[in-house]
Amino acid sequence: MGIDINQPIFVISVAAELADMHPQTLRQYDRLGIVSPSRAPGKSRRYSQRDIDRLREVQRLSHEGVSLEGIKRILDLENQVAALQYRVAELSEELQRRRGPMEARIFAAGAAGDVVSLARGQRPRARSQAVVVWRPRPGE
């Protein structure tokens, strides 16, 4: 059983040491909304390993010359991307579940432009109907 990286376990002094920052810097980042730790009863800050990793990323970006406002925007966009990737994975799984096994679908198109789905082995009713076999590509 591993350690939960989201578990807020580090007090500010330990978090500052792990991130190689001054505790006052962590307080400022909290005020600015760049890294917002959890609060323990009594209002003391508690940092998780994920918070520590984020503080290190803030420090890296800051050393590269990115402003604090720019850093906040970058981190917000990274969070949005992660949330969207998670949602795409959820929707892809649901789509696979609903589709069931991948098999060909057969449709007939009438002279008037109507489209009729045919069961396997069923023939179109009239000669004027054209048969189209649709085979989904992997991932469709």
Side-chain angles (χ1 to χ4, degrees):
M1 183 171 163
I3 297 172
D4 181 6
I5 65 169
N6 296 310
Q7 184 69 31
I9 55 175
F10 303 110
V11 295
I12 192 166
S13 60
V14 174
E17 188 174 327
L18 290 171
D20 196 26
M21 295 179 173
H22 193 278
Q24 193 60 36
T25 305
L26 275 61
R27 290 183 188 96
Q28 180 183 2
Y29 290 168
D30 186 12
R31 278 191 299 274
L32 295 173
I34 294 174
V35 177
S36 299
S38 299
R39 298 288 181 157
K43 308 257 182 181
S44 63
R45 293 172 175 88
R46 294 282 191 254
Y47 291 83
S48 67
Q49 183 60 51
R50 186 176 301 278
D51 293 329
I52 304 298
D53 294 342
R54 191 169 171 141
L55 287 167
R56 289 178 180 155
E57 178 69 5
V58 169
Q59 188 175 50
R60 185 187 67 77
L61 290 169
S62 179
H63 285 357
E64 290 178 2
V66 181
S67 69
L68 289 179
E69 192 59 38
I71 291 171
K72 186 173 190 302
R73 182 72 176 136
I74 288 168
L75 296 176
D76 288 345
L77 290 172
E78 286 177 349
N79 286 339
Q80 286 179 355
V81 167
L84 290 171
Q85 287 173 333
Y86 181 78
R87 183 66 177 139
V88 165
E90 281 182 331
L91 292 172
S92 294
E93 286 177 18
E94 182 179 340
L95 183 60
Q96 286 297 95
R97 239 186 2 264
R98 287 185 180 200
R99 278 197 176 151
M102 297 296 267
E103 56 184 59
R105 296 182 186 176
I106 303 171
F107 300 95
D114 55 325
V115 177
V116 180
S117 179
L118 300 176
R120 186 175 292 282
Q122 182 182 2
R123 300 220 177 259
R125 282 185 247 136
R127 286 196 161 163
S128 62
Q129 291 180 324
V131 176
V132 176
V133 177
W134 178 76
R135 285 187 175 80
R137 287 181 236 128
E140 280 191 313

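Starting from 1, each residue takes its place in the sequence as its number.
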When rounded to the nearest 0.5 angstrom, what is the spacing between [atom1] in [X] and [atom2] in [Y]?
{"X": "Lys72", "Y": "Leu61", "atom1": "NZ", "atom2": "CG", "answer": "14.5 Å"}
{"X": "Tyr29", "Y": "Asp51", "atom1": "OH", "atom2": "CG", "answer": "14.0 Å"}
{"X": "Ser38", "Y": "Asn6", "atom1": "OG", "atom2": "CG", "answer": "9.0 Å"}
{"X": "Thr25", "Y": "Asp30", "atom1": "OG1", "atom2": "CG", "answer": "12.5 Å"}

Given the rule in the side chain to side chain contact (heavy atoms under 4.5 Å, CB included) test, do Arg27 and Arg31 qualify, once you have shown the distances and angles that lead to the verdict?
CA-CA 6 Å; Arg27 290 183 188 96; Arg31 278 191 299 274; 3.9 Å; yes

Any chance you could lay out the side chain to side chain contact (heavy atoms under 4.5 Å, CB included) test for Leu68 and Gln28, step after step, and finish with the verdict?
CA-CA 11 Å; Leu68 289 179; Gln28 180 183 2; 3.9 Å; yes

Taking atom CD as the centre, does Glu78 end up with more than 12 heavy-atom neighbours from other residues, nucleotides or ligands that are less than 6.0 angstrom away?
yes

Give a yes or no on whether a salt bridge exists between Arg54 and Glu57, defined as a side-chain N under 4.0 angstrom from a carboxylate O.
no

Salt-bridged, Glu69 to Arg73, with N to O below 4.0 Å?
no

Same apolar cluster (I L V M F W Y, side chains within < 4.5 Å links), Ile52/Leu32:
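Both belong to a single hydrophobic cluster.
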
Do Phe10 and Ile5 land in one hydrophobic cluster if side-chain heavy atoms of ILVMFWY residues count as linked below 4.5 Å?
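Different clusters.
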
Under the side-chain contact (heavy atoms from CB on, under 4.5 Å) test, residues paired with Gln80 that sit two or more places apart
Leu77

Would you say the side chain of [Y] lies within less than 4.5 Å of the side chain of [X], judging by non-hydrogen atoms?
{"X": "Ile74", "Y": "Val66", "result": "yes"}
{"X": "Gln96", "Y": "Leu91", "result": "no"}
{"X": "Val11", "Y": "Ser44", "result": "no"}
{"X": "Glu64", "Y": "Arg60", "result": "yes"}
{"X": "Tyr47", "Y": "Leu55", "result": "yes"}

Verify side chain to side chain contact (heavy atoms under 4.5 Å, CB included) between Asp53 and Arg56, making sure each step is shown before the conclusion.
CA-CA 5 Å; Asp53 294 342; Arg56 289 178 180 155; 3.9 Å; yes

I need the minimum non-hydrogen distance between Ala16 and Leu26, along with the two atoms involved.
N-CD2, 3.7 Å

For the student: nearest non-hydrogen atoms of Pro37 and Arg46, plus distance:
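Shortest heavy-atom contact: CB-O, 3.3 Å.
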
Using atom types as modelled and distance alone, determine if a side-chain donor or acceptor of Gln59 lies under 3.5 Å from a backbone N or O of Asp20.
yes

Short question: side chain of Ser92, backbone of Val88 - any donor-acceptor pair under 3.5 Å?
yes

Check step by step if side chain to side chain contact (heavy atoms under 4.5 Å, CB included) holds for Ser62 and Ile71.
CA-CA 8 Å; Ser62 179; Ile71 291 171; 4.0 Å; yes

